[in-house]
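Worksheet for the structure shown next.
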Amino acid sequence: MAENNNKNEKFLEYKGKPLVRRGKTIYYGSMADPFVVCLNILSDEDLKDLKVSGKVAIQLLDTNESLSPKEKVIKKSEKQGLFNALDLGAVWLERALKKQNKA
């Protein structure tokens, strides 16, 4: 993907939240929110002429910049396949944001 410094740039979205990819790392959610999900593709599998993700690491991260990298990780898991990982990450993010808004 080419980088574009246009402030009106639209991101690919899943369930109304932006998806940003760099290499084998995908961030789901807005960095302006208190939490974001980080998906790291750990393995690829060949399916005919297509490469699909195999094992994916999921992390729910706090976006507070004053925290250390270890403190930023709220939850973590691994799933087989990108859709399974993204679906779990979406649930985690939704629950964390709802909990934050109630507090």
Close side-chain approach of [X] and [Y], heavy atoms under 4.5 Å:
X     : Y     : value
Ile58 : Trp92 : yes
Lys51 : Glu45 : no
Leu82 : Ile26 : yes
Phe83 : Tyr14 : yes

So, taking the atom named [atom1] in [X] and the one named [atom2] in [Y], what distance separates them when rounded to the nearest 0.5 Å?
X     : Y     : atom1 : atom2 : answer
Leu42 : Lys79 : CG    : NZ    : 14.0 Å
Glu65 : Leu67 : CD    : CG    : 10.0 Å
Ile74 : Gln59 : CD1   : CD    : 10.5 Å

Mind checking what makes salt bridge (charged side-chain N to carboxylate O under 4.0 Å, His left out) contact with [X], not counting sequence neighbours?
X     : answer
Lys76 : none
Glu94 : Lys98
Glu71 : none

Smallest separation among heavy atoms of Cys38 and Thr25, with atom names: SG-CG2, 3.7 Å
Is a side-chain donor or acceptor of Thr63 paired with a backbone partner of Asp33 at a separation under 3.5 angstrom? yes
With no hydrogens and no angle check, is any side-chain donor or acceptor of Arg21 less than 3.5 Å from a backbone partner on Gly23? yes
Test side chain to side chain contact (heavy atoms under 4.5 Å, CB included), reference Lys75, set Leu61, Leu88, Leu60, output is Leu60
Side chain to side chain contact (heavy atoms under 4.5 Å, CB included) partner of Pro34, chosen from Leu97, Asn64, Asn101: Leu97
